[in-house]
Amino acid sequence: MKSIQADSGATLLYVTHDQIEAMTMATHVGVLDRGRLVQFGSPREIYEDPVSIYAASRLGQPRINVLPANVFAGAPTGAEQIGLRPEQIIQGEGEDSFVQRVEHLGDQTRLHLTFKSHDIITVTNAHTELRTGDIVKIRPNKPLYFGANGARVA
């Protein structure tokens, strides 16, 4: 369908609930919340700079991790929650987390971690030697912060 659109030069409006379709086929995405447009932009813009927890949770596989803002030091004033995309979690430095499960997926490996009683999913080297039961240090890198109403604060 993307090649048909490119060959014809036509503007197409495509409605989907499938985030993979939206991210791969669209030049622009509109995120709707109960029929109201909450964010409009390229898939990359919405993924990297969401206006709310709701918009952030619409794109990305695995999903964004949402935790209380104070679980890591340094939350800005007014932040109630911290959002961490799996790739925004640095491994090897920071605070201890417990490896619950390791998913080897070929080109990447997902780590299912427990950090201060919160479940987190992150990605790591495809050839990691981490195993269930290991302890790995983690810290956030460029986290997203959200206020009590779910809107982005930083």
Side-chain angles (χ1 to χ4, degrees), residues 13-105 107-126 128-154:
L13 179 61
Y14 185 77
V15 179
T16 183
H17 291 281
D18 185 315
Q19 65 160 318
I20 301 300
E21 282 182 346
M23 291 189 78
T24 58
M25 293 180 58
T27 57
H28 290 82
V29 173
V31 178
L32 299 174
D33 183 5
R34 288 178 241 133
R36 188 175 67 84
L37 182 66
V38 294
Q39 188 165 3
F40 181 79
S42 73
R44 178 63 45 202
E45 289 167 341
I46 294 171
Y47 182 83
E48 292 178 352
D49 195 19
V51 298
S52 65
I53 290 174
Y54 182 83
S57 68
R58 298 302 107 196
L59 298 179
Q61 191 67 325
R63 291 176 55 112
I64 191 169
N65 299 284
V66 179
L67 309 165
N70 63 0
V71 76
F72 290 101
T77 302
E80 292 287 325
Q81 295 179 298
I82 182 174
L84 293 167
R85 299 270 185 211
E87 68 275 9
Q88 291 175 310
I89 300 169
I90 302 297
Q91 297 152 38
E93 52 189 78
E95 300 180 62
D96 287 351
S97 65
F98 180 79
V99 179
Q100 288 287 348
R101 186 169 48 137
V102 180
E103 284 183 300
H104 296 282
L105 301 173
D107 64 335
Q108 69 173 232
T109 296
R110 291 182 186 170
L111 296 178
H112 295 257
L113 307 175
T114 299
F115 177 73
K116 297 182 180 178
S117 76
H118 299 283
D119 294 330
I120 296 175
I121 299 176
T122 188
V123 291
T124 193
N125 180 310
T128 186
E129 295 190 15
L130 288 169
R131 304 267 184 254
T132 297
D134 286 350
I135 301 296
V136 61
K137 291 189 177 300
I138 61 169
R139 71 169 176 82
N141 179 39
K142 300 179 184 173
L144 306 169
Y145 290 99
F146 304 95
N149 64 356
R152 180 92 174 272
V153 296

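These numbers come from a predicted model, not from an experiment. This chain uses plain numbering: 1 for the first residue, then up along the sequence.
The CD atom of Q81 sits 12.0 Å away from atom CG of L144, with the distance rounded to the nearest 0.5 Å. Rounded to the nearest 0.5 angstrom, I53 CD1 and I82 CD1 are separated by 11.0 Å. Once rounded to the nearest 0.5 Å, the distance linking CG of L67 with CD1 of I120 reads 5.0 Å. A distance of 14.5 Å separates OG1 in T27 from CZ in R44, rounded to the nearest 0.5 Å. Residue L111 holds its CG atom at 10.5 Å from CZ of R101, rounded to the nearest 0.5 Å. With values rounded to the nearest 0.5 angstrom, R110 atom CZ is found 10.5 Å from T122 atom OG1.
Contact record, P50 with E48: CD-C, 3.4 Å, taken as the closest heavy-atom pair. Closest heavy-atom contact between K142 and Q88: O-NE2, 2.6 Å. The minimum heavy-atom distance linking A69 with A75 is given by the pair O-CB, 3.6 Å. When all heavy atoms are compared, the tightest approach of T128 to L130 is OG1-N, 3.1 Å.
Applying the ring-ring contact (aromatic ring centres under 6.0 Å, His included) criterion to F40, with sequence neighbours excluded, gives H28. In this structure Y145 satisfies the ring-ring contact (aromatic ring centres under 6.0 Å, His included) test with no other residue, sequence neighbours excluded. Partners of H104 under the ring-ring contact (aromatic ring centres under 6.0 Å, His included) rule, at least two apart in sequence or in another chain, do not exist in this structure.
Taking a cutoff of 4.0 Å between a charged side-chain nitrogen and a carboxylate oxygen, R58 and D33 do not qualify as a salt bridge.
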- After noting the C-alpha distance and the side-chain angles of F72 and L84, does the key distance pass the side-chain contact (heavy atoms from CB on, under 4.5 Å) rule? CA-CA 11 Å; F72 290 101; L84 293 167; 3.8 Å; yes
- Report the C-alpha distance between F98 and I135 in whole Å, list the side-chain angles of each, state the deciding distance to 0.1 Å, and finish with yes or no for side-chain contact (heavy atoms from CB on, under 4.5 Å). CA-CA 5 Å; F98 180 79; I135 301 296; 3.8 Å; yes
- Task: List the steps, then state whether side-chain contact (heavy atoms from CB on, under 4.5 Å) holds for V31 with L37.
- Result: CA-CA 6 Å; V31 178; L37 182 66; 5.7 Å; no
- Message: Between I138 and L113, does the side-chain contact (heavy atoms from CB on, under 4.5 Å) criterion hold? Intermediate values first, please.
- Response: CA-CA 10 Å; I138 61 169; L113 307 175; 3.9 Å; yes
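The environment of CD in Q61 is crowded: more than 12 heavy-atom neighbours from other residues, nucleotides or ligands sit within 6.0 Å. Counting non-hydrogen atoms of other residues, nucleotides and ligands closer than 6.0 Å to CZ of R63 gives a total of 12 or fewer.
Contact check for I89 versus N65: side-chain heavy atoms found under the 4.5 Å cut-off.
Although no hydrogens or angles enter the test, the distance criterion places a donor-acceptor pair under 3.5 Å between the side chain of R85 and the main chain of A56. Formation of a donor-acceptor pair under 3.5 Å by the S97 side chain with backbone atoms of K137 is not found in this model. Without hydrogens or angle criteria, Y54 side chain to A151 main chain gives no donor-acceptor distance under 3.5 Å. With Q39 contributing its side chain and A55 its backbone, the two residues share no donor-acceptor pair below 3.5 Å. Side-chain N or O atoms of Q91 include one that pairs as donor or acceptor with a backbone N or O of V123 at under 3.5 Å.
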